[in-house]
Amino acid sequence: MTELLFSDRTPGRAQASPQDDAPRVAFVTLGCKVNQSDTQKAIADFRAAGFRIVPPSAPAEVYVVNTCSVTHIADRKSRQWLRRAARANPDALVVATGCYAESGRETLEEMPEVGVIVGYKAKDDLLSLALAHMPAYTPAPRTADTFVEAPRTPSWAGGEAGDTDPDFQSRTRAMVKIEDGCNDFCTFCIIPFTRGMPRSTPTNRVIELVNKRLGEGFKEIVLTGVHMGKYGQDHAQRKRAASDPTEAPNLPRVVKAALDRTDVPRLRITSVEPTDALMMLPLLADPHYTDRLAPHLHLPLQSGCDATLARMKRDYDTNQYADVVRQCREAVPGISITTDLIVGFPGETEEEWAQTKAFVQRMEFARVHVFPYSKRPGTPAAEMEGQVPPGVSQARTKEAIELSALSEAAYATQHLGRTLPVLWERQHGDRDTWSGLTGNYLRVHTRSTHDLHNRITPATLTSYDAQGLWAIADCGLRIVE
């Protein structure tokens with residue numbers, strides 16, 4: 001789970017100038033990239049209504065916490081942020097939205113700090129629900145967003161005291177949600193209950209959003225969703241695709257549309273189920289898109305033991321998963337395969353854990369995101385026998401993290417000596433050190449006195465240490481736009 005803070009310094013955007021006495025709103029986003037995309041939409045809605053967007057560290061009249069409920073730790077962090085917002089301004093309106101607003105509604109209703117709970121089905125009405133609790137404020141008339149051509153070096157509007165959020169300044173990748181919801185009902189997962197059944201964003205709307213993000217100056221667009229492979233399978237999108245040739249019927253077609261109908265320099269797709277990955281290989285292997293479609297697939301594994309996968313109700317076994325990975329690597333040499341791993345699932349014995357470790361080692365992942373199992377009330381796994389003791393789960397989590405570090409280092413060092421395009425994201429403490437990401441999701445560092453922020457440049461990978469890969473960036477004329 002990631003924790004992200006959003007403010008109103010969007011690169012290259014023609015900003016409105018809200019009145020000095022307009023209410024301020026701060027956003028906190030917890031959890032997945034889908035939540036990040038939802039927050040971006042909410043920021044645009046509040047901005048259009050005349051609100052001033054400020055970081056969570058600044059005083060505000062409204063705090064919106066986009067919560068996560070993937071684990072009990074996420075639940076706790078969501079509550080902590082809601083209480084923190086109320087302490088920052090006891091008179092502020094504190095809004096809880098996101099997954100925990102569904103799964104933890106009863107708890108949130110008992111929290112005096114929370115003024116409005118916006119469940120997932122009502123998320124598009126977040127602004128109006130907040131305004132209903134602000135009768136003294138008349139929102140600005142809604143106008144279409146205006147954009148200007150992004151400068152080579154992004155600039156940020158604002159300048160209010162305390163409005164410095166280095167985390168946001170580092171954000172060079174924008175999330176565009178193309179799908180939401182899931183109907184797989186894995187035994188550990190609460191998402192189908194919090195987000196509902198799969199729903200596709202219309203293809204033409206996806207293109208519109210991608211172009212908006214590009215107009216804001218972002219160089220990488222990440223297409224995100226809860227179950228990306230479900231794109232086009234819901235009735236509404238099937239109907240749209242049947243009547244309009246510009247509407248995509250499936251995931252590869254919507255990705256191709258984004259590449260063909262926009263000038264996106266780098267397009268990345270997020271988590272794809274192993275059973276859906278092979279449909280993406282023709283696009284990933286197409287030389288026409290090699291420089292723009294990131295050679296990276298995140299294929300959630302969850303367990304490397306067939307017995308555990310069966311209890312999880314995953315629809316593949318380890319042999320099928322390994323065959324998918326093999327075909328991906330054959331079709332796209334050097335492709336980055338990252339994954340998720342749940343540790344300590346109910347019934348996981350020492351033998352099952354040993355099988356998982358062996359399988360993870362064999363797969364040679366570029367990165368493994370490790371999650372200790374968290375009991376979610378209302379899911380079948382919560383009632384299973386053989387709940388793994390916390391101490392055992394913690395020990396296995398540590399082992400999994402160590403495995404991930406070894407696997408990540410092995411993948412990274414395979415690329416030493418290669419020159420790859422790097423999107424530079426952030427400047428570090430000594431101000432001459434920069435870090436960024438390659439298309440295949442390698443974290444790279446370089447030392448340069450040039451302003452590299454939000455630029456894609458060739459970089460030759462030269463060494464690897466405890467911080468990761470180091471490179472010599474070509475900061476001359478060959479800037480890749």
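Quantities reported herein were computed from a predicted structural model and do not represent experimental measurements.
- Two residues are said to be in side-chain contact when any heavy atoms from C-beta on lie closer than 4.5 Å; Leu437 and Leu423 fail this criterion.
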From CA spacing to verdict: side chain to side chain contact (heavy atoms under 4.5 Å, CB included), Thr29, Trp81:
CA-CA 10 Å; Thr29 306; Trp81 270 107; over 6 Å; no
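- In terms of modelled atom types and a separation under 3.5 Å, the side chain of Thr187 and the main chain of Arg311 share a donor-acceptor contact.
- A donor-acceptor pair under 3.5 Å links the side-chain atoms of Tyr411 to the main chain of Gly334, judged by distance alone.
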Glu273 and Lys230: CA distance, side-chain angles, deciding distance, salt bridge (charged side-chain N to carboxylate O under 4.0 Å, His left out) verdict:
CA-CA 10 Å; Glu273 289 298 310; Lys230 299 285 186 180; over 6 Å; no
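- Surrounding CD1 of Ile472 are at most 12 heavy atoms belonging to other residues, nucleotides or ligands under 6.0 Å away.
- Using a 4.0 Å cut-off between charged nitrogen and carboxylate oxygen, Glu208 and Arg205 count as a salt-bridge pair.
- Side-chain contact between Tyr373 and Val388 is absent, with no heavy-atom pair separated by less than 4.5 Å.
- Taken from CG in Asp323 to CG in Leu278, the straight-line distance is 7.5 Å, to the nearest 0.5 Å.
- If you take CG on Asp286 and CG on Leu293, they are separated by 9.5 Å, rounding to the nearest 0.5 Å.
- Counting only distance, with no hydrogens or angles, the side chain of Arg199 and the backbone of Met197 share a donor-acceptor pair below 3.5 Å.
- The salt bridge (charged side-chain N to carboxylate O under 4.0 Å, His left out) search around Arg79 returns none, not counting sequence neighbours.
- Between the side chains of Asp306 and Tyr321, not a single donor N or O lies within less than 3.5 Å of an accepting N or O.
- With Thr262 contributing its side chain and Ala258 its backbone, the two residues share a donor-acceptor pair below 3.5 Å.
- Side-chain N or O atoms of Arg261 include one that pairs as donor or acceptor with a backbone N or O of Thr246 at under 3.5 Å.
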Under the criterion salt bridge (charged side-chain N to carboxylate O under 4.0 Å, His left out), I'd like the reasoning laid out for Arg396 against Glu350: C-alpha separation, chi angles, the key distance, then a yes or no.
CA-CA 10 Å; Arg396 291 176 185 173; Glu350 286 296 336; 3.1 Å; yes
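- Using cut-offs of 30° and 60° on the angle between ring planes, the pair Trp434 and His453 is tilted.
- Annotation: side-chain contact (heavy atoms from CB on, under 4.5 Å) contacts of Ser435 (sequence neighbours excluded): Arg426, His428, Arg443, His445.
- The main-chain N or O of Trp470 is found under 3.5 Å from a side-chain atom of Thr462 such that the two form a donor-acceptor pair.
- Residues Pro265 and Leu214 form a side-chain contact, since some pair of their non-hydrogen atoms from C-beta on lies under 4.5 Å apart.
- Summarising the geometry of Ser336 relative to Asn440, their closest heavy-atom pair is CB-O, 2.9 Å, with the distance given to 0.1 Å.
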Start with the C-alpha distance between Asn204 and Glu247, add both sets of side-chain angles, then the distance that settles side chain to side chain donor-acceptor pair (under 3.5 Å), and finish with yes or no.
CA-CA 7 Å; Asn204 290 324; Glu247 288 289 328; 3.0 Å; yes
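- Using a distance-only test at 3.5 Å, with no hydrogens or angles considered, a donor-acceptor pair links the side chain of Arg268 to the main chain of Gly439.
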Show every donor-acceptor pair shorter than 3.5 Å between a side-chain atom in residues 360-370 and any protein atom, with sequence neighbours excluded, or say none if there are none.
none

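- The two residues Val343 and Ala400 make their nearest non-hydrogen contact at CG2-CB, 4.0 Å.
- Between Thr203 and Ile178 there is no side-chain heavy-atom pair separated by less than 4.5 Å.
- When side chains are defined from C-beta on, Val25 counts as touching Ile53, because their heavy atoms get closer than 4.5 Å.
- For Asn319, the side-chain contact (heavy atoms from CB on, under 4.5 Å) test picks out Asp317, with sequence neighbours left out.
- Evaluation of the side-chain contact (heavy atoms from CB on, under 4.5 Å) rule for Thr67 yields Val65, Ser78, Tyr100 as partners, not counting sequence neighbours.
- Side-chain N or O atoms of Tyr316 include none that pairs as donor or acceptor with a backbone N or O of Leu309 at under 3.5 Å.
- The number of heavy atoms from other shown groups lying within 6.0 Å of NZ (Lys256) does not exceed 12.
- Judged by distance alone, with hydrogens and angles left aside, the side-chain atoms of Ser200 form no donor-acceptor pair with the main-chain N or O of Gln237 at under 3.5 Å.
- Between the side chain of Thr172 and the backbone N or O of Asn454, no donor-acceptor pair lies under 3.5 Å.
- Atoms OG1 and CG, on Thr419 and Asp474 in that order, are 8.5 Å from each other to the nearest 0.5 Å.
- Legend: residues meeting ring pair (Phe, Tyr, Trp, His ring centres under 6.0 Å) with Tyr464, ordered by chain and number and at least two apart, are absent.
- Counting heavy atoms from C-beta outward, Met175 and Asp38 have side chains that stay 4.5 Å or more apart.
- The two residues Thr308 and Glu352 have their closest heavy-atom pair at OG1-OE1, 3.0 Å.
- The structure places CG of Asp184 at 7.5 Å from OG1 of Thr275, a figure rounded to the nearest 0.5 Å.
- At least one side-chain heavy atom of Phe46 sits less than 4.5 Å from a side-chain heavy atom of Leu126.
- Taking the side chain as every heavy atom from C-beta outward, His227 and Pro198 never approach each other to under 4.5 Å.
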